[in-house]
Amino acid sequence: MGENLVIVESPAKAKTIEKFLGKGFIVKSSFGHIRDLAKKDFGVDIKNQYKPIYIVPEDKKKIVSELKKFKKNAKLVWLASDEDREGEAIAWHLSEVLGLTEENTRRIVFHEITKNAIQSAVENPRKINYNVVQAQQARRVLDRLVGFQLSPLLWKKIKPSLSAGRVQSVAVRLLVEKEREILNFKTSSSYKVSAIFSFLDPDGKQVEIQAELSRKLKDLDEARDFLTQCGLASYEIARLATKSLKRSPAPPFTTSTLQQEAGRKLGFSVAQTMSVAQKLYEAGKITYMRTDSVNLSSLALNTAKKVIDEEFGNKYHQFRKYQTKTKGAQEAHEAIRPTYLENKDIDGPAAGVKLYNLIWKRTMASQMSNAEIEKTTATISISNMPDVFTATGEVIKFDGFLKLYSVTTDEDSVSGSKTILPPLREGEKLHYEMITASEKFTQPPYRYSEASLVKKMEELGIGRPSTYAPTISTIQNRGYVVKEHLDGNERDIVVLEMTDGKVKESKKAEKYGRERSKLVPTDIGMVVNDFLTEHFKSIMDYNFTALVEKEFDEIASGNLEWVKMIDRFYSDFNTRVEKTLKESEKTTGERVLGIDPASGEEVLVKVGRYGPLAQLGKVREDYKPRFASLRKDQRIETISLEEALDLFKLPREIGNFENNSMIVAISKYGPYIRHDGKFYSLEKQDDPLSINSERAIEIIRIKREQDSKKVIKTFSENENLKILNGRWGPYISYEKKNYKIPKNDNPEELSLENCLTIIANSKKKKSAKKK
DNA sequence: CAGTGAGCGAGCTTCCGCTTGACTT
């Protein structure tokens, strides 16, 4: 048996390392933490020096007992968890649970999985650093105190099952504040002037260039006057300037930048990116995907050089070492890169191939030379005004890393492509072809996407690579935030066009405010946020994590006792909790909109047990208020009195059809018609307040027709089995379960036996998968 | 899939960071 037991955090890592270490070493994985605070009774004994109560969670018991078995047969145990605060704590928990002693234990660390790194780690063992372990303990206890005191407070003051925490609550705050910034944004407009000029080149050919006025004009009158003057002016190139620019590649991927780029370039959600990356990692295609480091191993650097030299020539290679600027980065791993940089492509599912490709390009580009760009600016004078037009063009002199990779930003789609200018000379006389002044509205800020929220959190040092994706899920699961496509609106803009000295005015429709897959806070998210920021200002402060991190660092370096730090925090925090518990009322985010002119009752909106609602009048002895849920697209903060009053107009009877009444109402699944005990959803363009009986009957008829097509075939021998037409084509429905019909079968010709075979086969496949 | 919004009370919810599978269409 092996004399040496090595324990790492990740099973995929264990496999690779075992190969490097060879005989005499057994490498096992702890699958992350093996102990955690107990969930019942708080898990922290506050009165007894905040003593943590650790237990082995149910799903870790098997792993622990296995490790114990291996430990029995080993002479030495090597604790090789990551070199960061959590890793040090894992090492300590292992030594506690496995009953290790200093004599039979070695603590080793490595930041990259290469033979050299691992061998030198084995040659340089150390002891567990108990200061770092205490820093982790402080982190863990603080998070428990905050989370398990604030959440119950929300259950009492707002509604059950809500949650609050050092990370998630601040993430929601970011979204709420962005939303309010957008809500309060006052848009204004100005006029942007652009021109098309022409001249004859030496060959006598007419050449056009596009130019823009360097300032914006404040209103329509000014724009009109300006264009009129332009009609009388002559133009010439007053100055021609060229400037060399250099552009450098972005560093290799970390978790956060991978999530951002996969979102922008591949349209992946944060969770999707992580699950695809996990599979690539397990298959040995990429290095570890939860990292905050931009560092590459020297092995990777050498391979990158070799591949770039071969593929593009050595002038495309530039050795680069990147430094992380991220707050609180712990850099226990490498950057995310392909394990073998010589593999440009891989096989497998499409999503994995695409993500791998992105990682390969980004890694390679990070070791490539700068792009050299020449930017030309032509200044065009106007004879009768001091203003100037400028035309700019860019020429890539040397593409460098751009050959492989360019970083996009969320705003890129708006700015358009860079133009190339024709050969120009100073003093050239130009003719205008057309000069245009178009109205431009100022834009409110963009909302956060999943990935841009992660970026912001990383900047603030909130959360860790392993928690970004779960945190984004949590705030959505709690109902604080929804991911939405926002359609935007349309508005008219004024456009002035001047040709041959004549100014023509017209209106053009413009779409604005359209955003895809953005995070929008809900009413409950806002109410919880306002409650927390009012009563727990310091925890909701964007710098809170950074501040406590400083103290954790002090603990780690041995300059502060963890209990002292926690006690200082808790004494103040606890009084706030107690005070809020006693003094503050139940919070509903109530907003009074005004008086209903018909009944004279007050109209208000608030968050209720089942979500946001509008209420007509307050409870009195002789009066019971009416209630109506807000529609999906309505918010407590923005709904108007008229819109709220409209909600009370439903349910509404709109006529009879086949001797049964038709009633229009809105449910949590949207507007519908109820007729003869059946429900018919309205289409998007139908307004439940104005829909008439003809349209309603049409909807009912369409639905009936669809339903009649739904059944393809039934069998009198077995009524439980049906061949149906669904959203994705024909399928078999049997005993409440659905089965796919093989591609080559014609669903109309299937016999009962055929169907039963298909069912049996698909069940077989499933059980095979399980094995 | 589709009406909720009185009040009581039992029992439950909840944090952040490390790791993977366990599920479903």
Side-chain angles (χ1 to χ4, degrees), chain A residues 8-14 29-37 39-40 42-44 57 59-60 63 81-82 84-91 93 136 139-156 159-169 274-275 278-279 281-282 288-290 330 332 462-468 470-471 474 477-478 539 545 588 606-616 619 624-629 650-651 663-674 677-682 726-728 731 737-738 740 766 769-770:
Chain A
V8 296
E9 293 183 35
S10 150
K13 218 187 210 179
S29 151
S30 73
F31 291 78
H33 275 293
I34 53 151
R35 285 208 300 188
D36 192 17
L37 297 177
K39 277 199 170 179
K40 56 170 198 179
F42 217 73
V44 178
D59 55 328
K60 292 292 166 73
I63 295 154
S81 43
D82 298 344
D84 55 20
R85 201 164 60 206
E86 298 298 323
E88 205 62 26
I90 289 174
H93 283 299
Q136 192 275 346
R139 198 280 303 156
R140 183 68 191 90
V141 167
L142 180 119
D143 282 337
R144 172 55 65 86
L145 292 172
V146 171
F148 274 37
Q149 299 244 46
L150 287 188
S151 301
L153 191 58
L154 296 181
W155 305 341
K156 287 199 187 77
K159 86 182 198 180
S161 299
L162 296 175
S163 67
R166 172 176 58 83
V167 172
Q168 59 168 287
S169 296
M274 291 316 281
S275 106
Q278 174 86 31
K279 293 213 173 70
Y281 167 67
E282 283 166 14
Y288 197 58
M289 64 283 150
R290 289 185 276 265
Q330 303 191 14
I462 298 164
R464 303 276 313 130
S466 67
T467 59
Y468 293 140
T471 303
T474 300
N477 291 340
R478 296 276 175 275
I539 289 175
T545 291
T588 58
K606 63 179 190 183
V607 172
R609 249 197 303 175
Y610 310 105
L613 61 92
Q615 184 177 338
L616 190 61
V619 183
K624 216 180 135 203
R626 285 189 65 195
F627 299 98
S629 292
L650 296 172
I663 290 161
V664 178
I666 297 177
S667 79
K668 105 189 197 203
Y669 306 103
Y672 66 93
I673 305 159
R674 199 174 73 215
K678 292 199 179 69
F679 296 91
Y680 305 87
S681 291
L682 297 195
R727 254 173 87 189
W728 296 287
Y731 66 97
K737 279 185 180 167
N738 299 336
K740 217 158 89 181
K766 258 191 189 167
K769 252 189 186 172
K770 268 183 192 166

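All heavy atoms count here, side chains included; hydrogens, waters and symmetry mates do not. Here is the naming used below: chain letters follow the sequence lines, and residue numbers restart at 1 for every chain. Source: prediction; values computed, not measured.
Checking A:Ser667 against A:Ile462, the closest nucleotide of DNA chain B that is more toward the 5' end is the one next to A:Ser667. Take the nearest nucleotide of DNA chain B for A:Pro11 and for A:Ser169: the residue whose nucleotide is more 5' is A:Ser169.
The distance between atom NZ of A:Lys624 and atom C1' of B:dG3, rounded to the nearest whole Å, is 12 Å. The distance between atom CZ of A:Phe31 and atom C1' of B:dG21, rounded to the nearest whole Å, is 9 Å. Rounded to a whole Å, the CG atom of A:Asp84 is 13 Å from the C1' atom of B:dT19. Protein atom CD1 of A:Ile90 is 7 Å distant from nucleotide atom P of B:dT19, rounded to whole Å. Note: CG (A:Leu616) to P (B:dG5) measures 16 Å, nearest angstrom. One interatomic measurement links the two molecules: CG of A:Leu613 to C1' of B:dG5, which rounds to 6 Å at whole-angstrom precision. Here B:dC16 presents its P atom at 10 Å from CG of A:Leu150, a figure rounded to the nearest Å. Rounding to whole angstrom units, OH of residue A:Tyr680 and C1' of B:dC1 are separated by 15 Å.
Listed pair A:Gln168 / B:dC16 meets the phosphate criterion, a side-chain N or O lying under 4.0 Å from OP1 or OP2. For B:dG17, one of the phosphate oxygens OP1 or OP2 lies less than 4.0 angstrom from a side-chain nitrogen or oxygen of A:Thr467. Look at A:Arg139 and you won't find any side-chain N or O under 4.0 angstrom from OP1 or OP2 of B:dC18. Residue A:Arg290 places at least one side-chain N or O closer than 4.0 Å to OP1 or OP2 of B:dT20. Dashed line: the shortest gap from a side-chain N or O of A:Arg674 to OP1 or OP2 of B:dG3 is not under 4.0 Å. Side-chain N/O atoms of A:Gln615 include none lying less than 4.0 angstrom from OP1 or OP2 on B:dG5. The shortest distance between the side-chain N/O atoms of A:Arg478 and the OP1/OP2 oxygens of B:dT14 is below 4.0 Å. At B:dT19, one or more side-chain N or O atoms of A:Tyr288 fall inside 4.0 Å of OP1 or OP2 (strictly under the cut-off). Residue A:Ser10 has a polar side-chain atom (N or O) positioned under 4.0 Å from OP1 or OP2 of B:dT20. Listed pair A:Arg464 / B:dC16 fails the phosphate criterion, with no side-chain N or O lying under 4.0 Å from OP1 or OP2. The side chain of A:Ser163 places an N or O atom within less than 4.0 Å of a non-bridging phosphate oxygen (OP1 or OP2) of B:dC15.
Looking at the side chain of A:Phe148, the nearest of the listed nucleotides B:dG5, B:dG17, B:dT14 is B:dT14. Nearest to the side-chain atoms of A:Tyr672 among the listed nucleotides B:dA6, B:dT19, B:dG3 stands B:dG3. Side-chain proximity of A:Val167 to B:dT13, B:dG17, B:dT4: nearest is B:dG17. Considering only the side chain of A:Arg140, B:dC16 comes nearest among B:dC16, B:dG17, B:dT14.
Across all strands shown, A:Pro651 has no heavy atoms under 4.0 Å from either base or sugar-phosphate atoms. At a threshold of 4.0 angstrom between heavy atoms, the contacts of A:Thr545 with the nucleic acid are absent. When heavy atoms are screened at a 4.0 angstrom cut-off, A:Ser681 is found touching base atoms of the nucleic acid. Within the nucleic acid shown, A:Lys39 comes within 4.0 Å of at least one base atom, counting heavy atoms only. Here A:Arg626 lies out of heavy-atom contact (under 4.0 Å) with every strand. If you check every strand for non-hydrogen atoms under 4.0 Å, A:Phe42 touches nothing. Within the nucleic acid shown, A:Leu145 has no heavy atom closer than 4.0 Å to any nucleic acid atom. Residue contacts shown for A:Gly677 are absent, as no nucleic acid heavy atom lies under 4.0 Å away. No contact: A:Gly87 has no heavy atom under 4.0 Å from any strand. Note on A:Ala164: only backbone sugar-phosphate atoms sit closer than 4.0 angstrom, heavy atoms only; bases stay farther off. Note on A:Ser29: nothing from the nucleic acid sits closer than 4.0 angstrom, heavy atoms only. Nucleic acid contact class of A:Gly165 (heavy atoms, under 4.0 Å, all strands): sugar-phosphate only. Looking at heavy-atom distances under 4.0 Å, A:Asp59 makes no contact with the nucleic acid at all.
The OG1 atom of A:Thr545 sits 10.0 Å away from the CD1 atom of A:Ile539 when rounded to the nearest 0.5 Å. In this structure, the separation between CD on A:Glu86 and NE2 on A:His93 is 8.5 Å, given to the nearest 0.5 Å. In this structure, A:Lys159 NZ and A:Leu154 CG are separated by 11.5 Å, a value rounded to the nearest 0.5 Å.
For A:Ile666, the side-chain contact (heavy atoms from CB on, under 4.5 Å) partners are A:Arg631, A:Leu650, A:Pro671, A:Pro688, not counting sequence neighbours. For A:Tyr281, the ring-ring contact (aromatic ring centres under 6.0 Å, His included) partners are A:Tyr288, not counting sequence neighbours. In this view, A:Lys606 satisfies the salt bridge (charged side-chain N to carboxylate O under 4.0 Å, His left out) rule with no residue, not counting sequence neighbours. A:Arg290 meets the salt bridge (charged side-chain N to carboxylate O under 4.0 Å, His left out) test with no other residue; sequence neighbours excluded. Under the rule for a salt bridge (charged side-chain N to carboxylate O under 4.0 Å, His left out), A:Asp84 has no partner lying at least two apart in sequence or in another chain.
Closest heavy-atom contact between A:Ile90 and A:Gly32: CD1-C, 3.7 Å. Heavy atoms only, all atoms of each residue included: A:Thr467 and A:Thr471 are closest at O-OG1, 2.7 Å.
Using a 5.5 Å limit on the distance between ring centres and a 30° limit on the angle between planes, the aromatic ring of A:Trp155 does not count as stacked on the six-membered base ring of B:dT14.
Taking a pair as Watson-Crick or G-U with both hydrogen-bonding distances under 3.5 Å, no stem of three or more pairs touches DNA chain B.
One can find a donor-acceptor pair under 3.5 Å joining the base of B:dG5 and the side-chain atoms of A:Ser629. Contact annotation: side chain of A:Ser161 to base of B:dT13, donor-acceptor pair present below 3.5 Å.
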With side chain to side chain donor-acceptor pair (under 3.5 Å) as the criterion, how do A:Glu88 and A:Gln136 come out once you've worked through the C-alpha distance, each side chain's angles and the decisive distance to 0.1 Å? CA-CA 8 Å; A:Glu88 205 62 26; A:Gln136 192 275 346; over 6 Å; no
